[in-house]
Amino acid sequence: MRTAFQNVLVEQDENVVTLTMNRPDVLNAMNTLMVEELTEAVETAASDETIRCVVLTGAGRAFGAGQDLTEFGSAYASSEPLKTSDHLTKYHRLILAIRHMPKPVIAAIQGVATGISLNIALACDIRIAADNARLLEAFARIGLVPDGGGAYTLPRLIGLGRALEMALLADEVSGPEAERMGLVNRCVPLAELEQTTRVLAKRLAKGPTRTYGLIKELLYTSLEMDLQASLHLEGQLQDAASATADHREGVDAFLHKRAALFTGK
Ligand code: T3D
């Protein structure tokens, strides 16, 4: 995997790769280069078999302050009009790359996570927030609708009523409150965020990776299906899971009363 990016740090520790959005002076506000680099890193992680879990986080005191508004300012000041839906295609590619990643993706959130940065975190499979987290759908503050898949993920995570409240009022939700609402899976003291994330990522990276990919596919696809179609899909994906070496290893380990050693195959 390419590691020399300008706005994204890439660190691999055994089977876990951590991708850090790295513009701390502007709270990791996302400019075009950062979106492109992050997308390349995520897409590479998806096909790299040495990587079995991905962590996404931000450098410094924030997870991310959303779209870099100086880019919007420059675009609006120029004679070339910005068509936002064209600009958004880059974000859409990133969101889909995270969602289709055939291995777990964890977002580790400290400080501010707002706008498109928050919605990127919502596309991840598991969110761990620090107790100093400030999560907000800031779009309405600048007269925009939520993008980056937020209109899809937010009501599915916290229900339509709370999603509308977050999108309309654009008020901050703290880390502890986000845990109570189901917006994040867990909230921990800031000093424990890195270690908690590392322990979880290492645990997931030792799991049955192929099956994890199938679990993601089954749950995310089932959100759009009726029960009958979901039951049909589960049969297909269970055939695929049953054919993995890790399934055989899991059964053998149980029968011989030993811990399973999954290879991700
Ligand atoms: O293609 C598309 O359509 C995608 C569209 C996406 C839309 C969005 O993402 S909507 C959300 C856009 N983001 C915002 O509206 C947030 C703007 N920032 C803020 O409201 C505040 O900075 C925060 C509440 C996030 C944090 O406040 P605070 O007091 O902790 O920090 P600060 O002092 O305001 O910010 C520190 C620096 O980061 C500051 O720079 P300076 O003055 O030290 O030189 C600030 O200007 C800069 N910064 C923060 N957010 C952004 C930013 N620079 C550019 N773009 C930002 N979004």
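In listed order, ligands and their atoms are each counted from 1. Because the structure is predicted, anything quoted here is derived from the model rather than measured.
Under the side-chain hydrogen bond (donor to acceptor under 3.5 Å, both in side chains) rule, Asn7 has a single partner from Thr20, Asn22, Thr32, Asn31, which is Asn31. Applying the side chain to side chain contact (heavy atoms under 4.5 Å, CB included) test between Leu204 and each of Asp125, Ile126, Val199, Thr209 identifies Ile126 as the sole match.
Looking at Glu49 and Lys265, a side-chain N of the basic residue comes within less than 4.0 Å of a carboxylate O on the acidic one, giving a salt bridge.
Taking Ile, Leu, Val, Met, Phe, Trp and Tyr as members and joining any whose side-chain heavy atoms lie under 4.5 Å apart, directly or through other members, the hydrophobic cluster of Leu255 also contains Val251, Phe254.
To the nearest 0.5 Å, atom CG of residue Leu56 and atom CE of residue Met21 are 4.5 Å apart.
For the pair Asn28/Arg23, a side-chain contact is recorded, criterion being any heavy-atom separation below 4.5 Å from C-beta on.
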Could you pull out the N/O contacts under 3.5 angstrom between ligand 1 and the surrounding protein atoms?
| residue | atom | partner | partner atom | Å |
| --- | --- | --- | --- | --- |
| ligand 1 | 1 (O) | His87 | ND1 | 2.4 |
| ligand 1 | 3 (O) | Asp147 | OD2 | 3.2 |
| ligand 1 | 9 (O) | Gln67 | N | 2.9 |
| ligand 1 | 9 (O) | Ile116 | N | 3.0 |
| ligand 1 | 13 (N) | Ala65 | O | 2.9 |
| ligand 1 | 30 (O) | Arg61 | NH1 | 3.0 |
| ligand 1 | 30 (O) | Arg134 | NH1 | 3.4 |
| ligand 1 | 31 (O) | Arg61 | NH2 | 3.2 |
| ligand 1 | 55 (N) | Leu69 | N | 2.9 |
| ligand 1 | 57 (N) | Ala65 | O | 3.1 |
| ligand 1 | 57 (N) | Gln67 | O | 2.9 |

